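The structure appears right after this line, and notes come after that.
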Amino acid sequence: MWSKLVGLSVLFLASPVFAEEAVKAEQSAPVRAPDTMGTLVSLGIGLLAVIAIIYGCAWIIRRMNGMTGMNNNAIKVVSVMALGARERLVLIEVGGQQMLLGITPSTIRTLHVFDEPVVDASNPPTGDFARGLQGMIGKSWTSPTRND
């Protein structure tokens with residue numbers, strides 16, 4: 001026990017001597033300016049490597065058929081109506097048949113499958129989607145009137 005205590009005290013007392021020798025060694029070494037050209041070359045090579053990785057990943061994703069999806073216009077979104085901040089009514093056409101979907105953040109539900117098309121998907125929307133939808137469901141459309 002005493003030998004350990006004596007050894008620790010000798011190291012504790014000798015530490016300033018070792019520290020002085022380390023400081024003298026550092027002071028005697030010449031101060032070197034940073035290698036600016038080497039740093040720029042290193043940064044340039046790193047930048048080129050990152051850009052090459054990004055282009056490589058983009059090329060791989062384009063080559064994978066499952067990732068891009070083949071858009072053969074089998075499903076068309078005919079019209080969308082916002083009901084709230086995150087709720088929507090969507091009229092889609094699949095195989096010549098139109099379906100009304102209710103979309104919320106957690107679910108998508110089929111609300112109605114129409115026997116005949118409600119809106120012509122080939123024509124641009126005219127804003128009469130709500131009237132056509134209400135007429136197909138059987139409710140009358142009443143627009144608010146202004147009494148000025």
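All figures in this text were calculated on a predicted structure; none of them were measured in a lab. Numbering starts at 1 and runs along the sequence shown.
Contact check for Leu47 versus Leu43: no side-chain heavy atoms found under the 4.5 Å cut-off. With contacts defined as side-chain heavy-atom distances shorter than 4.5 Å, the pair Leu100/Thr110 does not qualify. For the pair Arg88/Leu83, no side-chain contact is recorded, criterion being any heavy-atom separation below 4.5 Å from C-beta on. By the 4.5 Å heavy-atom criterion applied to side chains, Glu87 and Ile103 are not counted as neighbours. Side-chain contact between Leu89 and Leu101 is absent, with no heavy-atom pair separated by less than 4.5 Å.
To the nearest 0.5 Å, the span separating CZ on Arg86 from OG on Ser106 amounts to 9.0 Å. Atom CD1 in Ile53 sits 11.0 Å away from atom CG in Leu48 (nearest 0.5 Å).
Using modelled atom types and a 3.5 Å distance limit, the side chains of Thr104 and Thr107 yield a donor-acceptor pair.
The nearest pair of heavy atoms linking Gln98 to Val78 is NE2-CG2, 4.1 Å. The two atoms that bring Pro117 and Gly96 nearest to each other are CG-O, 4.5 Å, heavy atoms only.
A chain of hydrophobic side-chain contacts below 4.5 Å, direct or via other Ile, Leu, Val, Met, Phe, Trp or Tyr residues, connects Met99 to Ile108.
A distance-only check finds a donor-acceptor pair linking the side chain of Thr39 to the backbone of Asp35 [under 3.5 Å].
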